[in-house]
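Heads up: the structure comes next, in structure tokens.
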Amino acid sequence: MDNTAEQVILLNGEADNYNGVTVTIKERIDAEVFTERLRASLSHWRETGKKGIWIKLALGFANLVEPAVSEGFRYHHAEPDYLMLVSWISHTRDTIPANASHVVGVGALVLNKETQEILVVQERSGYFKDKNVWKLPTGVVDEGEDICTGVTREVEEETGIIADFVEVLSFRQSHKAFLNQKSDLFFLCALSPRTYEITEQKSEILQAKKKCEEDYLGFSTVETTTGTGKKSFIYCNADYAKSLNSNRGQASASL
């Protein structure tokens, strides 16, 4: 260790399992003092074989961003209450993982099988604003939230309908779908309603209603079975569903 590193108090860092160190700044520190301590710490970490160095700065420590960047750090990600900077100080290949690359969206096909009604909404904002389009309730899954939980939450928030998750019907992937340039994984889920009184979320939903299947050609049901024999359903265009069910009926009659 060089003399400078020995004379200066090093930054407190928590080592990880990948020869990295995370420094969380918890107390206010002058930018010049921080720079001096950071340089000494970097020298020490290089000598001890550390690789990826992370600096977590809360909102109150924005004055330390510039000195950290001047010492080779770059932005990694930001959350509402902190900014994370990172630097790869080893001469080996940089293996620091990229920030989260995907956003998970959900759509809800809430089908009342007894009345053959589907829950649809009109949105106040977004792509379908003022287009008189009725669509399925959709939303984004929160961090740490399961898909099945997120889709039922979105339905209740937007329409007041409490529903049970049944299954994932399909999913699609798109890229650079949002302002943050993330990729989007969107899961279409089937739900079964437990309540039926609609209460629109006024801030986002212009109208919500239950639309009869005969009027809504987007989806209908075709009963089928999985490989294990469990009853399941295919949701497809109503006309196609009628054709499938008709052909199935004719096949059964010919046996």
Handout entry: Working for side chain to side chain contact (heavy atoms under 4.5 Å, CB included), residues H102 and Q173
Key = CA-CA 10 Å; H102 285 70; Q173 182 183 37; 3.4 Å; yes

Practice task
Mind running side chain to side chain contact (heavy atoms under 4.5 Å, CB included) on I25 and V23 for me, showing each step along the way?
Solution key: CA-CA 6 Å; I25 304 299; V23 176; 3.8 Å; yes

Practice task
Go through the steps to decide whether F187 and R172 satisfy the test side chain to side chain contact (heavy atoms under 4.5 Å, CB included), and finish with yes or no.
Solution key: CA-CA 7 Å; F187 292 84; R172 67 110 172 92; over 6 Å; no

Problem - Full working for side chain to side chain contact (heavy atoms under 4.5 Å, CB included) between E47 and S43 - result: CA-CA 6 Å; E47 290 182 3; S43 177; 4.1 Å; yes

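V151 and V168 fall within a single hydrophobic cluster, where Ile, Leu, Val, Met, Phe, Trp and Tyr side chains are chained together by heavy-atom contacts under 4.5 Å. Taken together through direct or relayed side-chain contacts under 4.5 Å among Ile, Leu, Val, Met, Phe, Trp and Tyr, I161 and I118 form parts of separate hydrophobic clusters. L64 and V21 end up in the same hydrophobic cluster when Ile, Leu, Val, Met, Phe, Trp and Tyr side chains are linked at under 4.5 Å. Under the 4.5 Å side-chain heavy-atom criterion for Ile, Leu, Val, Met, Phe, Trp and Tyr, V106 and W134 are members of distinct hydrophobic clusters. By the rule that hydrophobic residues join a cluster once side-chain heavy atoms approach within less than 4.5 Å of another member, L109 and I198 end up as members of separate clusters.
With hydrogens and angles ignored, the 3.5 Å screen pairs no side-chain donor or acceptor of S87 with any backbone N or O of I53. When atom types are taken as modelled, the side chain of R124 and the backbone of K202 share a donor-acceptor pair closer than 3.5 angstrom. Remark: side-chain polar atoms of K50 are not paired, donor with acceptor, to backbone N or O of L42 under 3.5 angstrom. The backbone N or O of L10 lies less than 3.5 Å from a partner atom in the side chain of R37, making a donor-acceptor pair. Using modelled atom types, no side-chain atom of D146 and backbone atom of C148 make a donor-acceptor pair closer than 3.5 Å. Remark: side-chain polar atoms of R39 are not paired, donor with acceptor, to backbone N or O of E71 under 3.5 angstrom. Looking at Q116, its side chain does come within 3.5 Å of a backbone N or O of K113 through a donor-acceptor pair. No donor-acceptor distance shorter than 3.5 angstrom exists from the side chain of T159 to the backbone of A208, with no hydrogens or angles considered.
Looking only at side-chain heavy atoms (C-beta outward), V121 and T138 stay at 4.5 Å or farther from each other. Looking only at side-chain heavy atoms (C-beta outward), N112 and Y196 come within less than 4.5 Å of each other. Using a 4.5 Å heavy-atom cutoff, the side chains of T24 and W54 are not in contact. Two residues are said to be in side-chain contact when any heavy atoms from C-beta on lie closer than 4.5 Å; L85 and Y75 meet this criterion. Side-chain contact between T48 and H44: present, with at least one pair of heavy atoms (C-beta onward) separated by less than 4.5 Å. Under the 4.5 Å side-chain criterion, counting only non-hydrogen atoms from C-beta, R74 is not in contact with V69.
Counting heavy-atom neighbours within 6.0 Å of R194 CZ, excluding the residue itself, gives a total above 12. Counted within 6.0 Å of CZ on F186, heavy atoms from surrounding residues, nucleotides or ligands total more than 12; the atom is thus considered enclosed. Enclosure of atom OH in Y18 is not indicated, since only 12 or fewer non-hydrogen atoms of other residues, nucleotides or ligands lie within 6.0 angstrom. Counted within 6.0 Å of CD on E32, heavy atoms from surrounding residues, nucleotides or ligands total 12 or fewer; the atom is thus considered open. Atom CD of E79 has more than 12 neighbouring heavy atoms from other residues, nucleotides or ligands inside a 6.0 Å radius.
With values rounded to the nearest 0.5 angstrom, H76 atom NE2 is found 11.0 Å from L83 atom CG. One distance of note links CD of E158 with OG1 of T199; it measures 13.0 Å at 0.5 Å rounding. Separating the NZ atom in K56 from the NZ atom in K26 is a distance of 9.0 Å, to the nearest 0.5 Å. Within the model, atoms CD1 of I55 and CG of L11 stand 7.0 Å from one another, a figure rounded to the nearest 0.5 Å. Here T149 contributes atom OG1 and D142 contributes atom CG; the two are 10.5 Å apart, rounded to the nearest 0.5 Å. Put simply, CH2 on W88 and CZ on F73 are 13.0 Å apart, with the number rounded to the nearest 0.5 Å.
Of all heavy-atom pairs between V103 and V140, the closest is CG1-CG1, 3.7 Å. The minimum heavy-atom distance linking A108 with L191 is given by the pair CB-CD1, 4.2 Å. Nearest approach of V104 to I147, heavy atoms of both residues: CG1-CG1, 4.3 Å. The shortest non-hydrogen separation linking A163 to V110 is CB-CG1, 4.4 Å. Nearest heavy-atom pair across L119 and P137 is O-CD, 3.5 Å. Of all the heavy atoms in F128 and K135, the pair that sits closest is CD1-CD, 3.7 Å.
Note: H77 and Y82 meet the aromatic proximity criterion, with ring centroids under 6.0 Å apart.
Counting only N and O atoms by type, the side chains of Q207 and Q122 include a donor and acceptor under 3.5 Å apart.
Between E123 and K129, no side-chain nitrogen of the basic residue sits less than 4.0 Å from a carboxylate oxygen of the acidic one, so the salt-bridge criterion is not met. Between K51 and D94 there is no salt bridge, since none of the side-chain N atoms of the basic residue sits less than 4.0 Å from a carboxylate O of the acidic one. E145 and R153 are joined by a salt bridge, as a carboxylate oxygen and a charged side-chain nitrogen come within less than 4.0 angstrom of each other.
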